[in-house]
There are 2 protein chains.
Amino acid sequence: MNADARPQYVQIADELRRRIDAGTIGYGAPLPSEQEIRDEWNVARNTARQAVEVLREEGRVYTLKGRGSFVRPKLDARRVASSRYRADVESTPENPQTSVTHDYGIRFDRHNPDAVITTEPASPEVAELFNVAAGTGLVRRDLVFRLDGWPTHMSTSFYLADMVAGTPVAGPGSEPAQGGAVGHLKSLGVRVVRVVEAVESRMPTDREAEVLRMPSGPVLAITRQMFDDGGRVVEVAREIVYPGDGVRLEYEINL
Amino acid sequence: MNADARPQYVQIADELRRRIDAGTIGYGAPLPSEQEIRDEWNVARNTARQAVEVLREEGRVYTLKGRGSFVRPKLDARRVASSRYRADVESTPENPQTSVTHDYGIRFDRHNPDAVITTEPASPEVAELFNVAAGTGLVRRDLVFRLDGWPTHMSTSFYLADMVAGTPVAGPGSEPAQGGAVGHLKSLGVRVVRVVEAVESRMPTDREAEVLRMPSGPVLAITRQMFDDGGRVVEVAREIVYPGDGVRLEYEINL
DNA sequence: GAGTGGTCTAGACCACGAC
DNA sequence: TCGTGGTCTAGACCACTCA
């Protein structure tokens with residue numbers, strides 16, 4: 001009855017993947033439920049679940065208990081070049097742009113991060129990245145970036161409270177900002193001349209999985225330090241988190 | 001009988017993880033078999049399998065059919081800085097080093113990659129990275145890097161056949177090389193002044209999963225181009241593949 | 001042949017979300 | 001209330017590895 005030697009759950013996953021790629025099941029649309037898969041292929045529930053599990057591990061779908069599994073969009077256009085920060089430097093009121101619009105090749109106004117801005121003392125970990133004493137006052141900015149409603153990435157970044165208190169950087173409504181972090185600092189008279197990024201791949205935390213709707217695949221996490229022309233650390237991001245699939249980080253090294 | 005609200009398979013996974021961290025189950029040692037887990041915790045086979053699956057997704061164990069599941073070592077010391085290529089440039093016969101020994105902070109002779117060197121025409125993809133016509137003759141080097149027998153990463157890199165034919169680079173026994181790719185090229189009188197790397201996170205191919213003994217977690221894949229002082233591409237690596245866990249890539253950007 | 005993991009079935013009870 | 005996915009049980013047959 002089944003000439004194909006591959007496991008049934010792989011075959012079912014292949015067919016579902018084909019429907020997603022063909023657009024038969026669009027972005028955000030529900031996958032057939034486990035019961036529907038059982039009916040269509042005449043398999044046990046565990047086999048249907050295994051098929052969906054394959055797609056979940058691939059990051060093609062995300063699953064919500066009590067609701068179903070849904071197709072995640074492919075945001076393959078995502079692209080982060082090491083030249084991205086130049087877009088920040090070159091942003092002007094007449095031609096507003098940020099590193100994020102640069103990455104995705106989109107207009108400024110399609111990019112609408114939610115921002116939560118708080119004040120907190122530096123944890124030992126962040127303090128070390130800042131090269132200041134633990135407990136130093138920091139402004140913390142938690143952002144979620146979305147493109148047409150779909151989360152593309154999220155970040156937590158820190159500024160020195162002494163440097164930004166009372167400025168728009170420390171208040172709401174300052175995001176999306178012209179020129180991103182570099183632009184923020186430029187508006188305060190701080191010139192960023194060097195950025196150091198450390199990239200890690202890991203499984204998402206529960207919150208990241210929920211916010212990015214990435215229940216199973218890996219994420220790319222970037223820890224960033226920005227230095228001014230005096231060699232001082234003026235911004236720390238820990239971390240900037242992207243869904244692992246489809247992201248591409250480009251760096252240039254001069255010897 | 002079970003006061004803990006967490007699912008049994010999570011609790012079992014936690015206990016197994018604890019034993020791994022405590023050293024009760026050492027690196028390379030087998031996990032309890034599914035049958036042993038069933039006996040110890042009195043659970044059904046699927047529950048035992050789910051527990052092992054958790055550890056497999058975390059990259060803590062790898063599984064071989066018909067044999068068992070085994071503990072993967074944590075190679076957390078892995079660390080790749082953007083300054084790594086300077087180690088290649090500065091390598092001398094008196095003080096041999098490569099970017100890989102630099103990454104791991106180990107002596108030269110503990111690093112023993114297997115090498116397979118072949119000749120092949122450039123695929124359209126590699127040709128584009130090299131900025132040459134498809135079909136151009138290339139020397140291909142497939143390497144697997146190991147540390148005390150454990151695979152750390154693998155790479156496929158290409159050189160222009162015209163440039164390296166008849167040199168040690170094109171022959172066996174040239175790896176581990178002093179100075180890695182940069183050293184190779186230096187020995188031919190080619191000076192590498194610029195390296196461009198693109199980092200992606202993705203699930204491993206079947207071969208990568210087997211070689212790296214990473215059946216389930218993500219990998220970090222780097223596509224690299226090396227440029228000489230005339231702006232010509234003199235080496236392409238596609239791709240350098242690391243197990244996703246524990247790797248850290250550091251880059252510096254000057255604005 | 002004994003032990004291992006890979007796949008699969010046919011049930012069960014539960015928590016959650018939408019209506 | 002009903003449909004969804006999350007967890008769990010108790011079996012089964014298979015392919016693979018090792019002694």
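Letters go in sequence order (proteins before strands), and every chain restarts at 1. Nothing here was measured: the structure is a model prediction, and the numbers come from that model.
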[X] side chain to [Y] backbone, donor-acceptor under 3.5 Å:
X      : Y      : value
A:R72  : A:V61  : no
B:S201 : A:L220 : no
B:E208 : B:V241 : no

Run the numbers on B:Q50 and B:Q8 for side chain to side chain contact (heavy atoms under 4.5 Å, CB included), then give the verdict.
CA-CA 9 Å; B:Q50 267 183 297; B:Q8 289 184 70; over 6 Å; no

For the helix from C:dG1-D:dC18 to C:dA18-D:dT1, measure the angle between the helix axis at one end and the axis at the other, each built from five pairs, rounding to 10°.
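Axis angle across the helix from C:dG1-D:dC18 to C:dA18-D:dT1, nearest 10°: 10°.
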
Nearest-neighbour nucleotide for the B:R45 side chain, C:dT4, C:dA15, C:dG5 considered:
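In terms of side-chain proximity for B:R45, the closest of C:dT4, C:dA15, C:dG5 is C:dG5.
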
B:Y251/B:E197 under side chain to side chain donor-acceptor pair (under 3.5 Å): CA gap, chis, key distance, verdict
CA-CA 10 Å; B:Y251 294 100; B:E197 296 190 352; 2.4 Å; yes

Just by distance, no angles: are the side chains of B:R56 and B:T63 close enough, under 3.5 Å, to form a donor-acceptor pair?
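Short answer, yes.
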
Roughly, in whole Å, what's the span from CD1 in B:I37 to P in C:dG3?
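In whole Å, C:dG3 P and B:I37 CD1 are 17 Å from each other.
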
By nearest heavy atom, map A:G66 and A:T47 onto DNA chain C; which one lands nearer the 5' end?
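Here A:T47 is the residue nearer the 5' end.
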
I'd like the 5' and 3' limits of the part of DNA chain D contacted by chain B, with heavy-atom contacts below 4.0 Å.
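Range of nucleotides within reach of chain B: D:dT7 to D:dC18.
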
Could you label the plane-to-plane angle of the B:H153 and B:Y242 rings as parallel, tilted or perpendicular, counting under 30° as parallel and over 60° as perpendicular?
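Answer is parallel, since the angle falls under 30°.
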
B:E15 and B:R6 ion-paired at < 4.0 Å
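No, B:E15 and B:R6 are not salt-bridged.
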
Just checking A:V43: base, sugar-phosphate only, or nothing, at a heavy-atom cut-off of under 4.0 Å?
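If one applies the 4.0 Å heavy-atom cut-off, A:V43 turns out to touch the sugar-phosphate alone, with no base involved.
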
